[in-house]
Amino acid sequence: MRPLSMDLRERIVVAYGSQEGSYAVLAVRFSVSRAVVGKLVRQQRDQGTLETQVHRRGRKPAIGGQQEERLERHVREHPDATLRERIEALGLDCSVKTMWQTLRRLGLRYKKSRYGPPSKIVRTSLKHAPSGAALNPKSIRSGWCSSMKPG
């Protein structure tokens, strides 16, 4: 369905403003619904314009507009920052997952570089210690398990 022409919109609002009839009377006169007359009158009164309004459906992005520009700048200046550090540095009110999705949508890298500090995981066994395989394969009889008791 196409939007009403600007001329028709103006004639409807002028007619209502000069008290030529109620919403219902003007709706019949201009071949539109009563709701359209009310919408146009409210729009003129509240917004001061009769231009068609673009309504974005769905949830608005948590990070958008100027925040995206700041985020891109932060990524360039601090490439090794974690997602949590980015949220805190920019003062955003969003989850880590939202930050991850935004960076992904913008096509920006969000992983730490391989040149970052090593992890705190330390070796728990000696370098030349044998693996978990049994040293003597005949130490446990076939069909037996350490949790089974002989009958």
The reported gap from CZ in R11 to OG in S5 (rounded to nearest 0.5 angstrom) is 6.5 Å

Transitive ILVMFWY cluster of V14, excluding itself - 4.5 Å side-chain cut-off = none

Partners of K60 by side chain to side chain contact (heavy atoms under 4.5 Å, CB included), sequence neighbours excluded?
-> R56

Say whether L4 and V28 are linked into one hydrophobic cluster, either directly or through other cluster members, by side-chain heavy-atom distances under 4.5 angstrom.
-> no

Qualifying residues under side chain to side chain contact (heavy atoms under 4.5 Å, CB included), relative to E68, sequence neighbours excluded = I63, R105, L106

Partners of V75 by side chain to side chain contact (heavy atoms under 4.5 Å, CB included), sequence neighbours excluded?
-> L71, R86, L103, L108

Qualifying side-chain hydrogen bond (donor to acceptor under 3.5 Å, both in side chains) pairs, either residue in residues 13-34, two or more places apart | S18-E20, E20-R29

For S95, the side chain to side chain donor-acceptor pair (under 3.5 Å) test, sequence neighbours excluded, returns T98

Ring pair (Phe, Tyr, Trp, His ring centres under 6.0 Å) pairs touching residues 56-82, sequence neighbours excluded, are H74-H78

Residues passing the salt bridge (Lys or Arg N to Asp or Glu O under 4.0 Å) test with D93, sequence neighbours excluded, are none

Rounded to the nearest 0.5 Å, how far does CD1 of I12 lie from CZ of F30?
-> 6.0 Å

What residues form a side chain to side chain donor-acceptor pair (under 3.5 Å) with D46, not counting sequence neighbours?
-> none

E85 side chain to T82 backbone, donor-acceptor under 3.5 Å = yes

Check: E51 main-chain N/O paired with Q53 side-chain donor or acceptor under 3.5 Å | yes

Residues which pass side chain to side chain contact (heavy atoms under 4.5 Å, CB included) with R76, listed by chain and number, not counting sequence neighbours = E72, R73

Exercise: identify the closest heavy-atom pair between R9 and T52 = NH2-CG2, 3.3 Å

Mind checking side chain to side chain donor-acceptor pair (under 3.5 Å) for Q44 and listing every partner two or more places apart, or none if nothing turns up?
-> none

Rounded distance [0.5 Å steps], CD1 in I87 versus CZ in R84 | 5.0 Å

Report, as yes or no, whether the 6.0 Å neighbourhood of atom CD on Q47 holds more than 12 heavy atoms from other residues, nucleotides or ligands.
-> yes

Would a hydrophobic clustering, with Ile, Leu, Val, Met, Phe, Trp and Tyr connected at side-chain separations under 4.5 Å, put V13 with V25?
-> no

